[in-house]
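All remarks here apply to the structure that follows.
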Amino acid sequence: VPYFFVIFCFMGAMYPAIDLAAGEKERGTMETLLTAPVSRFQILLGKFAVVVLTGMLSAAISVAGIYVAVLQFKEIPPELMQTITGILDVKTILLVLSLLLPLTVFFAAILLSLSIFAKSYKEAQSLISPLTIVVILPVLVGMMPGLELDPITAVIPVLNVSLASKEIIAGTIQPLLLAEVYLTLIALASL
């Protein structure tokens, strides 16, 4: 489950980031936008907010899709269904989504920076596509059995979200480690 959350967050933010910067430069609409009576910082914040929103929306829709799919599948044994609905309760989902917000801000900052740097849509895709592996690898490492959230893994970006999500779903998250994960994500997002 944490794998889906992180990947959908990243992929949901990737293409809007590419289009809002490199795509606009390539189409020639960035110059028109810069003549508007708003500051460049406001334009950047608007683009940034759209990328964050699409990343979070993508993750939220994937969670809703998983929930609806589980409810529609009638052949699940009642014991397993009770376990699944216990995992997908509102408190757990909201806590996991709250972890994804600073992670999505971090992703949006990186993706928009690379997209603004790129000269064309294609170049932006070439720069950003390898980041998919950089995001997937820590999530996969976090899914390995025996690896747990501790003070060291709580400061490793993406891995910390994967491990914290796993512990939130299991109901074994320690509040101090969760706070460390939040602080790390907020610091990275701020940078």
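Predicted model only: the values in this text are computed from it and were never measured.
- Around atom CG of Leu176, no more than 12 heavy atoms belonging to other residues, nucleotides or ligands sit under 6.0 Å away.
- Between the Ser58 side chain and the Cys9 main chain, no donor and acceptor come within less than 3.5 Å of each other.
- Cluster membership check: Val155 does not share its hydrophobic cluster with Ile186, using side-chain heavy-atom separations under 4.5 Å among Ile, Leu, Val, Met, Phe, Trp and Tyr.
- Rounding to the nearest 0.5 Å gives a distance of 10.0 Å between CZ of Phe8 and CD1 of Ile61.
- Atom-to-atom distance recorded for Thr184:OG1 and Leu103:CG is 11.5 Å, nearest 0.5 angstrom.
- Taking Phe106 as the reference, nothing meets the ring-ring contact (aromatic ring centres under 6.0 Å, His included) condition, with sequence neighbours excluded.
- Cluster membership check: Ile116 does not share its hydrophobic cluster with Met30, using side-chain heavy-atom separations under 4.5 Å among Ile, Leu, Val, Met, Phe, Trp and Tyr.
- Pairs of residues two or more places apart, or lying in two chains, that qualify as side-chain hydrogen bond (donor to acceptor under 3.5 Å, both in side chains) and include a residue from residues 97-112 are Ser98-Tyr182.
- Counting heavy atoms from C-beta on, the side chains of Leu101 and Val52 come closer than 4.5 Å.
- Side-chain contact between Ile168 and Leu178 is present, with heavy atoms from C-beta onward closer than 4.5 Å.
- Scanning all heavy atoms of the two residues, the minimum distance from Met56 to Leu97 falls at CE-O, 3.4 Å.
- Side-chain contact between Leu177 and Leu163 is absent, with no heavy atoms from C-beta onward closer than 4.5 Å.
- By the 4.5 Å heavy-atom criterion applied to side chains, Leu99 and Leu95 are not counted as neighbours.
- Tyr15 places none of its side-chain heavy atoms less than 4.5 Å from the side chain of Ile128.
- Hydrophobic clustering (ILVMFWY, side-chain heavy atoms < 4.5 Å, transitive): Met143 and Leu149 are in one cluster.
- The shortest side-chain heavy-atom distance between Phe10 and Leu111 falls under the 4.5 Å cut-off.
- Of all the heavy atoms in Ala118 and Leu127, the pair that sits closest is CB-CD1, 4.0 Å.
- Nearest heavy-atom pair across Thr54 and Ala13 is OG1-CA, 4.1 Å.
- For residues 138-153, every residue pair satisfying the side-chain hydrogen bond (donor to acceptor under 3.5 Å, both in side chains) rule, not counting sequence neighbours, is listed here: Asp150-Thr153.
- Using a distance-only test at 3.5 Å, with no hydrogens or angles considered, a donor-acceptor pair links the side chain of Thr35 to the main chain of Thr32.
- Here the CG-CE distance, from Leu114 to Met14, works out to 11.5 Å after rounding to the nearest 0.5 Å.
- With hydrophobic clusters built from ILVMFWY side chains whose heavy atoms lie under 4.5 angstrom apart, Phe5 shares a cluster with Met144.
- The OG atom of Ser115 sits 9.5 Å away from the CD atom of Glu24 when rounded to the nearest 0.5 Å.
- Atoms CD and OG, on Glu167 and Ser162 in that order, are 10.5 Å from each other to the nearest 0.5 Å.
- Atoms CG and CG, from Leu20 and Leu33 in turn, are 9.5 Å apart once rounded to the nearest 0.5 Å.
- Under the 4.5 Å side-chain heavy-atom criterion for grouping Ile, Leu, Val, Met, Phe, Trp and Tyr, Leu53 is not connected to Phe48 through any hydrophobic cluster.
- With hydrogens and angles ignored, the 3.5 Å screen pairs a side-chain donor or acceptor of Lys166 with a backbone N or O of Gly142.
- Of all heavy-atom pairs between Pro138 and Leu159, the closest is O-CD1, 3.3 Å.
- Pairing each heavy atom of Leu100 with each of Ala59, the nearest pair is CD1-CB, 3.9 Å.
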